[in-house]
Amino acid sequence: MAKFKAFVIRKTDGGTTAALADFDEAELMDGDVTFRIEYSTVNYKDGLAITGKAPVVRRFPMIAGIDGAGTVESSTNPAWKPGDKVVLNGWGCGETHLGCYAEKARVKGEWLVRLPAGLSAREAMSIGTAGYTAMLCVMALERHGLTPAHGPVVVTGAAGGVGSTAVAILAELGFTVHAVTGRPQEADYLKSLGAAEIIDRKELASPPRPLAKERWAGGVDAVGSTTLANVLSMIRYGGAVAACGLAGGMDLPATVAPFILRGVCLYGIDSVMCPLERRREAWKRLENHPDRRKLAMMTSEIGLDGLPDAAAAILKGAVRGRIVVKIG
Ligand code: NDP
């Protein structure tokens, strides 16, 4: 039976181990499309899965990797044929279904999105779940009615994957972007992505007041906890925040004051089970934003053997922008 290279997480007595291995094609899970993965990427959730720091993986052995881009090898799904270029984000891959740190994946055809014609597989993974989630956040703010004329917007966790992409997209759409970071050394990087102002994350680290001085018309939050509570207390009347992350914690020590006294809206963003239509819309827009020059600037590349170090780094908040994983 054919074998392929994969980065596999196994259960041990004390927790989990993660290592490169030869995986038997016969052990792939059910699905009607098999595709050759050319690139994957490292997201925060991949870091949790590889290190075992949170119970992200629900089935063992598991091939980690929540994102993949590549070419269809075989399909019994009428929507796909061999040679089609595809992108996969989420749907439980790397959690409950064998994921994308591998030369091959077998998945349901309805999980796949066509790779936009203007993007290579590498560029799509440079965007990855982090970038696609940033676009979902921007789309939520747009549905709210937010425009650049309403005032500056804030992005937290700005030097990370979601944050960098959100800064770049919002700036390209004409918004004045205030980037919140704990890494002042990344100020030039964030300005080159389009940030107008850099804010030290310590400014949003104190216990939040119910309402504080109104600063931003909207925001994209990848951090949660005290940071998000402070952001909410500083959103202008009628504004909105799209919350997608928990890099700073899962709690939310806020009051209802911003909602009931300023009409502020908090939008929850989930990329994993996001309906296909909205995914397609997001990927269509990602063909143009962020622009290729910025995408290249925010991306570094590793191979499958670089995953353990990359996983540890992303959980420390030490990764700048995005990491793509070249398969093979
Ligand atoms: P990254 O690690 O690349 O970015 C997170 C950033 O958050 C860091 O770079 C850092 O930015 C900041 N940060 C880290 N720790 C803290 C802290 N203790 N307090 C304040 N800020 C902190 O991760 P991603 O961008 O890939 O993901 C960001 C978050 O979004 C994660 O929680 C992830 O799970 C979530 N996510 C959710 C998705 C969804 O579907 N809802 C999809 C994708 C991601 P800086 O150095 O600039 O301060």
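Counting starts at 1 for both ligands and their atoms, in listed order.
- Counting heavy atoms under 4.0 Å from ligand 1, residue Ile269 touches it through the backbone alone.
- One option in Gly268, Gly160, Ala242 has a heavy atom closer to atom 4 (O) of ligand 1 than any other, and that option is Gly160.
- Residue Ile314 has at least one heavy-atom neighbour below 4.0 Å for each of these atoms of ligand 1: 1 (P), 2 (O), 3 (O).
- Environment of CD in Glu277: sparse, with no more than 12 heavy atoms of neighbouring residues, nucleotides or ligands closer than 6.0 Å.
- Atom 42 (C) of ligand 1 has as its closest protein heavy atom Thr133 OG1, 3.1 Å.
- The N/O atoms of Lys45, backbone and side chain alike, include none that comes under 3.5 Å of an N/O atom in ligand 1.
- Less than 4.0 angstrom separates some heavy atom of Thr129 from each of these atoms of ligand 1: 42 (C), 43 (C).
- For Lys45 and Glu95, the salt-bridge test passes: some basic side-chain N is under 4.0 Å from an acidic carboxylate O.
- A salt bridge links Arg320 with Glu186: the distance from a Lys NZ or Arg NE/NH1/NH2 to an Asp or Glu carboxylate oxygen falls below 4.0 Å.
- Of all heavy-atom pairs between Cys100 and Ser40, the closest is O-CB, 3.7 Å.
- If you check which protein heavy atom lies closest to atom 32 (O) of ligand 1, you get Leu246 N, 2.8 Å.
- Scanning the protein heavy atoms around atom 29 (C) of ligand 1, the nearest turns out to be Ala222 O, 3.4 Å.
- Residue-ligand proximity, Gly161 to ligand 1, at heavy-atom distances under 4.0 Å covers atoms 1 (P), 3 (O), 4 (O), 25 (O).
- Side-chain atoms of Tyr189 and Ser164 form a donor-acceptor pair, as typed in the model, at a separation below 3.5 Å.
- Ranking the protein heavy atoms by distance from atom 12 (C) of ligand 1 puts Gly157 CA, 3.6 Å first.
- Summarising the contacts of atom 17 (C) of ligand 1 with Gly248, Cys137, Ala313, Gly321, the nearest heavy atom is found in Gly248.
- A salt bridge links Asp84 with Arg114: the distance from a Lys NZ or Arg NE/NH1/NH2 to an Asp or Glu carboxylate oxygen falls below 4.0 Å.
- Between the side chain of Lys294 and the main chain of Leu193, a donor-acceptor pair closer than 3.5 Å is present.
- Ring planes of Tyr132 and Trp283: parallel class, angle under 30° (limits at 30 and 60°).
- The shell of residues lying under 4.0 angstrom from ligand 1, judged by heavy atoms, includes Arg183.
- The shortest side-chain heavy-atom distance between Leu211 and Leu261 falls under the 4.5 Å cut-off.
- Counting heavy atoms under 4.0 Å from ligand 1, residue Ala158 touches it through the backbone alone.
- Scanning the protein heavy atoms around atom 48 (O) of ligand 1, the nearest turns out to be Gly182 N, 2.7 Å.
- Among Cys244, Gly245, Ala54, the residue whose heavy atom sits closest to atom 37 (C) of ligand 1 is Cys244.
- The closest protein non-hydrogen atom to atom 13 (N) of ligand 1 is Arg201 NH2, 3.5 Å.
- Remark: ligand 1 atoms within the under-4.0 Å shell around heavy atoms of Ser271 are 39 (C), 40 (O), 42 (C).
- For the pair Leu141/Val138, no side-chain contact is recorded, criterion being any heavy-atom separation below 4.5 Å from C-beta on.
- Residue Asp30 places its CG atom among 12 or fewer non-hydrogen atoms of other residues, nucleotides or ligands, all under 6.0 Å distant.
- Residue Ala159 has at least one N or O atom closer than 3.5 Å to an N or O atom of ligand 1.
- Under 4.0 Å is where a charged nitrogen must lie from a carboxylate oxygen, and between Glu142 and Arg285 at least one such pair does.
- The nearest protein atom to atom 34 (O) of ligand 1, hydrogens excluded, is given as Tyr44 CD2, 3.5 Å; this is a heavy-atom distance.
- Here atom 25 (O) of ligand 1 lies nearest to Val162 when heavy atoms of Val162, Val42, Asp46 are compared.
- Nearest to atom 45 (P) of ligand 1 by heavy-atom distance, out of Asp200, Val167, Thr181, is Thr181.
- The aromatic rings of Phe4 and Phe23 sit tilted, their planes meeting at an angle between 30° and 60°.
- Counting only heavy atoms of the protein, atom 15 (N) of ligand 1 lies nearest to Ala247 O, 3.4 Å.
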